[in-house]
Amino acid sequence: SPVLVLAGVARHYREGMARLDILTNIDLALSPGETVALVAPSGAGKSTLLHIAGLLERPDAGEIYVAGAATSHMSDNDRTALRRNAIGFVYQFHHLLPEFTALENVALPQTIDGLDRREAERRALELLDYLRLGPRARHLPSELSGGEQQRVAIARAVANAPHVLLADEPTGNLDPRTAEHVFATLMSLARNTGLAALIATHNLDLADQMDRRVTLVDGRIVELA
Ligand code: ADP
Ligand code: ADP
């Protein structure tokens, strides 16, 4: 059964007197381990869709099911708790905390969520090892390459074993070879851990390596060949 479902999701914005119907009727379902590329021009609504799927923003209409749970009637606190447990985020820029090591950056969100610090760091190191970043664990972000920084951000996003990873142009700031490596990290996590990934990208070579490609047309999801 799917781990993320968007059903009939709509969202508009107002700009002065104008009404912008960004998402009109979004239907999308992701199964465990499935990787889906969201490919659409700038301004089409990719970030809006990812924010709504990630429970960062509420839609005007429709329902989002995360791990089977309907979220529209949940309180903000319950949505936040579900988001922290079930959803990981990766952005174009890594947003690592500059004064903390790679290991601390990965472990910190879990300690904030109440996990014992030693246990959080043990898990973080295991994950960094899996991503072949073990030798970099004690380095500050400024001491890492761009690709390493982004892989640490991926480790941080999946450290609490979420069901779903949402990524907004995760390789948009990287050279092609580094992008390929960072992308391979995402694919390997999805295939080996059952993580479902929805990744907005302009990189068609990378999109071609994913299970499905979708785009946005008039605020709806259209499957690409
Ligand atoms: P994409 O990620 O595909 O570039 P976005 O979801 O960021 O698209 O934005 C879709 C459209 O909605 C754009 O025209 C953007 O300017 C507009 N938009 C996004 N967020 C807001 C907002 N909070 N208020 C008004 N307009 C917004
Ligand atoms: P990104 O693509 O990195 O998410 P965006 O510029 O699309 O960056 O969006 C950054 C933030 O600004 C988002 O929270 C989005 O909703 C908001 N935003 C985007 N466009 C507008 C806009 N025209 N008016 C108000 N807020 C906007």
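In listed order, ligands and their atoms are each counted from 1. The analysis underlying the following values was restricted to heavy atoms, covering all of them including side chains, and did not include hydrogens, waters or symmetry mates.
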Test of proximity, Gly43 against ligand 1: N or O pairs below 3.5 Å: yes

At less than 4.0 angstrom from any non-hydrogen atom of Lys46, what atoms of ligand 1 do you find? 1 (P), 2 (O), 3 (O), 4 (O), 6 (O), 8 (O)

Atoms in ligand 1 with a heavy atom of Ile22 nearer than 4.0 Å: 10 (C), 11 (C), 12 (O)

Mind checking side chain to side chain donor-acceptor pair (under 3.5 Å) for Asn25 and listing every partner two or more places apart, or none if nothing turns up? none

Taking only heavy atoms of Ser42, which atoms of ligand 1 are found under 4.0 Å from at least one of them? 4 (O)

Can you name the atoms of ligand 1, numbered from 1 with element, that are less than 4.0 Å from a heavy atom of Ala44? 3 (O), 8 (O)

Asp60 side chain near Leu23 side chain, heavy-atom distance below 4.5 Å: no

Among the heavy atoms of Gly45, does any lie under 4.0 Å from an atom of ligand 1? yes

Are Arg191 and Asp211 close enough for a salt bridge, meaning some N to O gap below 4.0 Å? yes

Test: side-chain hydrogen bond (donor to acceptor under 3.5 Å, both in side chains). Region: residues 150-166. Which pairs qualify, not counting sequence neighbours? none

Quick one: which ligand 1 atoms are inside 4.0 Å of a heavy atom on Ser47? 1 (P), 2 (O), 6 (O), 7 (O)

Minimum non-hydrogen distance to atom 9 (O) of ligand 1, winning option of Thr48, Leu38, Leu23: Thr48

Fit a plane to each ring of His95 and Tyr91, take the angle between them on a 0 to 90° scale, and name the class: parallel (under 30°), tilted (30 to 60°) or perpendicular (over 60°). perpendicular

Numbering as shown, the atoms of ligand 1 that approach Pro41 to under 4.0 Å (heavy-atom distance): 3 (O)

If you measure from each non-hydrogen atom of Ala200 to ligand 1, which part falls under 4.0 Å: side chain, backbone, both or neither? neither

To the closest 0.5 Å, what do you measure between CD (Glu104) and CZ (Arg138)? 8.0 Å

I'd like to check Ile221 versus Asp27 (side-chain heavy atoms, cut-off strictly below 4.5 Å). Are they in contact? no

Kindly compute the distance separating CD (Glu180) from CG (Leu206), expressed to the nearest 0.5 Å. 5.5 Å

For ligand 1 and Arg14, I'd like to know whether there is a polar contact (N/O to N/O, distance under 3.5 Å). no

